[in-house]
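Notes follow the structure.
The sequence lines fix the lettering, A, B, ..., with proteins before strands; numbering per chain opens at 1. If you're wondering where the values come from, they're calculated on a predicted model, not measured in any experiment.
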Amino acid sequence: MNSPSKKLITAALPYANGPIHIGHLAGAYLPADIYARYLRLKGEDTLFVCGSDEHGAAITLRAKKEGKKPQEIVDQYHELNKKAFEDFGISFDIFHRTSDPLHHETAQDFFLALNEKGVFEKEEKEQFYDEEFQQFLADRYITGTCPKCHNPGAYGDQCEKCGSSLNPQELIDPVSTLSGNKPILKKTTHWFLPMQEHETWLKEWIEEGVVDSKKQHDPKSWRKHVIGQCKSWIDGGLQARAMTRDLDWGVKVPLKDASNKVLYVWLDAPIGYISATKAWAKKENKDWKAYWQSSETDMVHFIGKDNIVFHCIIFPIILKAHGNYNLPVNVPANEFLNLEGQKLSTSRNWAVWLHEYLADFPEKQDVLRYVLCSIAPETKDSEFTWEDFQTRNNSELVGIYGNFVNRALVLTHKYFDGEIPQAKADLSEYQSIVDSLKQYAQNCNQYLQAYRFRDALVEAMAIARLGNKFLADTEPWKLIKTDEAKVKDILFISLQIAANCAVAFEPFLPDSSKKLKNLLNLKSANWESLGSLEILQSGNIINKAEHLFQKIEDEQISLQVQKLKATEKQTRMEEKKYLPLKEMIQFDDFSKLDLRLGTVTTAEAVKKSNKLLQLDIDLGFEKRTILSGIAKHYTAEEMVGKQVVVVANLAPRKMMGVESQGMVLMAENSEGELNLINTEDSFEPGSNVS
RNA sequence: GGCGAGGUAGCUCAGGUGGUUAGAGCGCAGCACUCAUAAUGCUGAGGUCGUGGGUUCGAGUCCCUCCCUCGCUACCA
């Protein structure tokens with residue numbers, strides 16, 4: 001491998017259907033930004049691109065639901081997210097969008113090029129079509145009865161009850177989820193990408209890092225879970241996938257016989273990286289090809305784990321099939337971030353939204369960057385808690401880093417009126433400090449190169465720790481009384497360490513580094529100076545000390561926790577609310593029910609079930625065994641002796657190997673809690689309920 | 001029950017291709033210090049690396065059994 005002179009960094013295009021939360025940031029944008037900033041600091045020719053992914057059925061449907069145009073939805077979130085990224089210092093060279101004409105043109109050209117090379121297989125198939133909505137239906141917008149297990153709620157692509165994967169045409173009584181009508185079958189043509197034809201070279205590329213007999217990357221530098229997931233896909237056998245869709249919101253398929261068809265997301269979103277590059281190049285008067293088609297350029301995709309297959313299999317196939325394009329040298333996908341014990345969920349509002357965070361913690365974007373990098377899910381899922389956020393801020397940012405900087409500045413002002421002192425020529429008695437500094441700097445650099453940002457950040461913090469230790473060991477506040485010359489050496493070194501902090505933290509905490517550099521009157525410092533005692537110039541004046549970070553109090557934290565709990569409760573209420581009223585019935589329908597009072601005589605948990613209790617119930621005239629799904633609300637012990645209402649003429653049903661002879665009635669509230677139904681004066685068993 | 005992930009110090013977690021006394025941060029205890037946002041530094045507690053087997057000269061690190069936890073899913077008639 002040569003050492004490329006250019007770097008292209010991409011971060012997954014966020015879907016313009018909602019705002020950005022800490023999971024997105026920790027998963028892709030923060031590591032990408034750290035890496036991009038690191039490369040720029042090293043002076044490498046770096047381009048960092050991203051943009052909004054604005055097409056797809058979900059946006060169309062949402063627009064329809066809200067009575068808006070798709071473009072309105074997309075405009076709203078594009079602007080919101082663009083601003084959130086800016087506020088958090090995500091230093092995209094361009095944040096483009098896929099609704100831009102340049103993108104449509106680029107994606108269409110790409111499609112045409114592939115089509116001319118005969119990469120696709122054109123095939124006509126019958127597909128379900130919703131006549132009322134006048135559109136073909138994606139698999140997941142069709143439900144029906146599963147042909148295998150007769151579950152009435154199966155989706156067009158799979159039945160979640162029995163787990164079998166399906167074709168929409170297999171469903172019994174298919175229904176469109178758009179209109180609720182029965183869809184009709186209609187012929188339509190699509191362009192398929194036969195991925196199975198690419199298995200051989202893909203396998204070699206992923207496992208050996210070799211493509212076209214050339215070493216392209218070192219697989220050892222790739223994360224284990226990334227390679228693992230790719231292998232399991234390839235080993236499971238790749239299949240042909242349609243690259244076109246019958247929709248009207250998207251990039252039009254640029255062929256005469258393809259009206260009302262758009263490119264599928266695989267040929268749309270990732271091409272967004274290319275069109276973003278083109279848009280940037282146009283503006284900057286540069287050549288976009290230098291970043292995509294030159295062997296001098298390394299490309300790295302930053303994504304979350306849900307995007308691995310996309311970026312490691314499908315996009316590479318497309319790029320290679322097109323020819324001329326580079327493949328990524330790494331795809332450092334992160335796993336998922338959880339929040340206070342639960343996974344983040346946009347729909348359930350279980351998230352910390354970037355724009356809301358800044359409203360509550362103004363100008364504290366670096367604190368969140370610090371915490372999210374410290375706990376980034378680089379090798380496995382990890383957890384964000386507000387308590388941890390507070391601890392890391394207070395004990396690490398304030399106590400270690402901010403405090404050290406403050407000590408060095410305050411001492412310099414106190415003893416030398418803010419002038420960086422002149423140290424003696426021979427500082428060899430401090431060699432061990434210099435060695436440690438160099439070591440941390442080197443470690444930090446190596447970890448950054450290896451995409452290990454958590455570890456790299458720990459090394460940066462170690463530099464601040466070193467500074468604190470140095471001051472504690474040398475005690476300049478004592479020495480000043482006896483040996484001012486030595487205090488000059490000590491503060492000279494301390495200030496150099498502070499300057500080192502400014503450099504080392506710059507990729508992670510750009511705003512704080514800027515502040516610190518201002519305090520030190522340091523115009524610029526590149527990455528190469530890291531580890532040296534030559535960043536600051538003796539004789540220069542530094543500014544008066546200001547705190548880089550502020551403590552976060554308990555009240556602020558409990559407020560956030562309360563906020564989370566409140567939104568959680570609210571969304572749960574909204575989800576449940578009141579069930580819709582069922583269809584009206586006649587008295588005859590009701591009188592078919594035979595409801596009786598019964599007394600629970602014995603109760604036990606059903607083995608290997610976590611919901612079912614097995615109850616023996618005395619109905620007066622006979623005894624019944626009934627299974628009831630209440631184990632999460634009642635223990636077996638407390639059920640014994642309870643009076644219940646039983647549906648006594650319900651057909652028996654076997655569950656978990658036991659026959660249930662009836663059903664116990666329960667009330668369920670909006671929280672999903674269950675409660676028994678009783679008579680006021682405990683009538684005798686067998687009494688009729690009507 | 002099925003699928004996925006995981007069980008390492010009080011807590012949160014590191015521990016590529018097996019190899020000397022198993023690590024970090026926080027918390028805790030003691031000591032030092034007072035320049036600093038009661039901040040910092042040093043020292044310590046002494047963890048059967050979930051269980052039981054196996055492979056090996058040698059296993060948190062590989063194989064098998066079992067137990068437990070979490071997520072999705074099934075069982076709520």
Side-chain angles (χ1 to χ4, degrees), chain A residues 149 151 159-163 219-225 229 232 305 335-336 338 341-343 374-375 377-385 387-388 390-415 450 452 454-455 457-458 461-462 464-480 487 490-491 494 545-553 606-614 626-633 646-647 649-666 668 672 674:
Chain A
C149 72
N151 159 35
C159 170
E160 301 201 333
K161 190 141 184 163
C162 64
K220 279 186 189 154
S221 68
W222 284 39
R223 292 187 180 157
K224 255 191 296 185
H225 68 272
Q229 195 172 323
S232 80
K305 71 173 161 188
E335 307 245 0
F336 286 150
N338 293 320
Q342 287 173 246
K343 69 176 186 184
S374 299
I375 61 171
E378 288 175 0
T379 56
K380 61 173 156 189
D381 289 1
S382 65
E383 170 118 358
F384 178 94
T385 67
E387 194 192 336
D388 179 67
Q390 182 191 27
T391 304
R392 286 184 192 275
N393 177 75
N394 290 356
S395 65
E396 294 173 24
L397 288 178
V398 176
I400 312 281
Y401 181 19
N403 186 222
F404 164 65
V405 168
N406 189 241
R407 297 170 81 185
L409 293 179
V410 166
L411 287 170
T412 304
H413 272 280
K414 205 161 186 168
Y415 302 147
R452 292 170 60 175
R454 282 169 74 142
D455 290 329
L457 184 55
V458 167
M461 192 52 86
R465 287 195 146 92
L466 179 74
N468 278 317
K469 180 173 166 53
F470 180 62
L471 287 177
D473 288 349
T474 55
E475 300 185 307
W477 48 89
K478 278 185 179 169
L479 271 182
I480 190 67
V487 173
I490 291 166
L491 286 185
S494 297
E546 263 174 52
H547 295 312
L548 284 181
F549 305 98
Q550 286 75 41
K551 282 208 156 193
I552 292 172
E553 303 299 333
V606 175
K607 276 179 202 158
K608 292 177 181 174
S609 163
N610 49 22
K611 283 189 183 171
L612 290 176
L613 287 187
Q614 181 173 343
I626 293 179
L627 296 182
S628 186
I630 56 174
K632 290 213 168 137
H633 305 87
V646 172
V647 183
N649 62 338
L650 190 67
R653 163 78 180 239
K654 231 178 174 180
M655 284 181 287
M656 307 297 287
V658 181
E659 188 179 76
S660 178
Q661 303 157 326
M663 170 173 174
V664 173
L665 297 187
M666 303 286 255
E668 181 178 1
L674 297 181

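Look at the P atom in both B:rU61 and B:rA22: the space between them is 15 Å, to the nearest Å. B:rU40 and B:rG27: their P atoms are spaced 8 Å apart (whole Å). Between B:rC63 and B:rG50, the two P atoms lie 15 Å apart (nearest whole Å). Spacing between B:rC33 and B:rC42 at atom C1', rounded to whole Å, works out to 11 Å. Spacing between B:rG6 and B:rG10 at atom P, rounded to whole Å, works out to 23 Å. For the C1' atom pair drawn from B:rG2 and B:rU17, the interatomic distance equals 33 Å after rounding to whole Å. Distance check on atom C1': B:rG16 versus B:rA59 gives 16 Å, rounded to whole Å. For the C1' atoms, the distance from B:rG47 to B:rG7 is 14 Å, rounded to whole Å.
For A:F470, the ring pair (Phe, Tyr, Trp, His ring centres under 6.0 Å) test picks out A:Y430, with sequence neighbours left out. Not counting sequence neighbours, A:R465 has no partner by the salt bridge (charged side-chain N to carboxylate O under 4.0 Å, His left out) test. Contacts of A:N338 classified as side chain to side chain donor-acceptor pair (under 3.5 Å), with partners at least two apart in sequence or in another chain: none. Not counting sequence neighbours, A:N649 has no partner by the side chain to side chain donor-acceptor pair (under 3.5 Å) test. A:E475 meets the salt bridge (charged side-chain N to carboxylate O under 4.0 Å, His left out) test with A:K478; sequence neighbours excluded. Scored by the side chain to side chain donor-acceptor pair (under 3.5 Å) test, A:R392 finds A:D388 as partners (sequence neighbours excluded).
Figure legend. B:rG60 is base-paired to no nucleotide; pairs are counted as Watson-Crick or G-U wobble with both atom distances under 3.5 Å. In this entry B:rG23 has B:rC13 as its Watson-Crick or G-U wobble partner, both defining distances falling under 3.5 Å. Of the nucleotides present, B:rA5 is the one that pairs with B:rU69 by Watson-Crick or G-U wobble criteria, both distances under 3.5 Å. B:rA32 is paired with B:rU40 under the Watson-Crick or G-U wobble criterion, all donor-acceptor distances under 3.5 Å.
Contact annotation for A:T385: no contact, since no heavy-atom pair falls under 4.0 Å across all strands. A:L548 comes within 4.0 angstrom of a base, heavy atoms only. Looking at heavy-atom distances under 4.0 Å, A:F549 makes contact with a base. As judged by a 4.0 angstrom heavy-atom cut-off over every strand, A:L409 is placed among residues making no nucleic acid contact. When heavy atoms are screened at a 4.0 angstrom cut-off, A:G662 is found touching the sugar-phosphate backbone but no base atom. Among the protein residues, A:V410 comes within range of the sugar-phosphate backbone only, with heavy atoms under 4.0 Å from sugar or phosphate atoms but none that close to a base.
Between atom CG of residue A:D455 and atom CD of residue A:E378 there is a gap of 7.0 Å, rounded to the nearest 0.5 Å. Rounding to the nearest 0.5 Å gives a distance of 7.5 Å between CD of A:Q390 and CD of A:E553.
Atoms CH2 (A:W477) and C1' (B:rA32) sit 11 Å apart, rounded to a whole Å. When rounded to the nearest whole Å, the span between OH of A:Y415 and C1' of B:rA36 equals 11 Å. Protein atom CZ of A:F404 is 15 Å distant from nucleotide atom P of B:rU37, rounded to whole Å. Note: CZ (A:F384) to P (B:rC26) measures 19 Å, nearest angstrom. Rounded to an integer number of Å, the gap from A:E387 CD to B:rG27 C1' is 10 Å. Atoms CG (A:L411) and C1' (B:rA39) sit 13 Å apart, rounded to a whole Å. Whole-Å rounding puts the A:M461 CE to B:rC26 P distance at 10 Å. The interatomic distance linking A:Q390 (CD) with B:rU37 (C1') rounds to 14 Å, in whole Å.
Base orientation of B:rG58: anti (glycosidic angle beyond 90° from 0).
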Are any protein N/O atoms closer than 3.5 Å to N/O atoms in nucleotides 40-43 of chain B? If there are, list each pair with its distance.
from: B:rU40; atom 1: O2'; to: A:R407; atom 2: NH1; distance (Å): 3.1

Kindly give the atom pairs (protein nitrogen or oxygen, nucleotide nitrogen or oxygen) under 3.5 Å for nucleotides 5-15 of chain B.
from: B:rA14; atom 1: OP1; to: A:K380; atom 2: NZ; distance (Å): 3.2
from: B:rA14; atom 1: OP2; to: A:K380; atom 2: NZ; distance (Å): 2.6

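Residue A:L612 has its side chain nearest to B:rC75 when only B:rC75, B:rU34, B:rA36 are considered.
Side-chain contact between A:L411 and A:S494 is absent, with no heavy atoms from C-beta onward closer than 4.5 Å.
When atom types are taken as modelled, the side chain of A:S382 and the backbone of A:I375 share a donor-acceptor pair closer than 3.5 angstrom.
Judged as a side-chain hydrogen bond (donor to acceptor under 3.5 Å, both in side chains), the pairs with a partner in residues 393-403 of chain A (not counting sequence neighbours) are, in order, A:Y370-A:E396.
The local environment of CD in A:E546 is sparse, with at most 12 non-hydrogen atoms from other residues, nucleotides or ligands closer than 6.0 Å.
Here A:K551 does not reach the OP1 or OP2 of B:rA38: none of its side-chain N or O atoms lies under 4.0 Å away.
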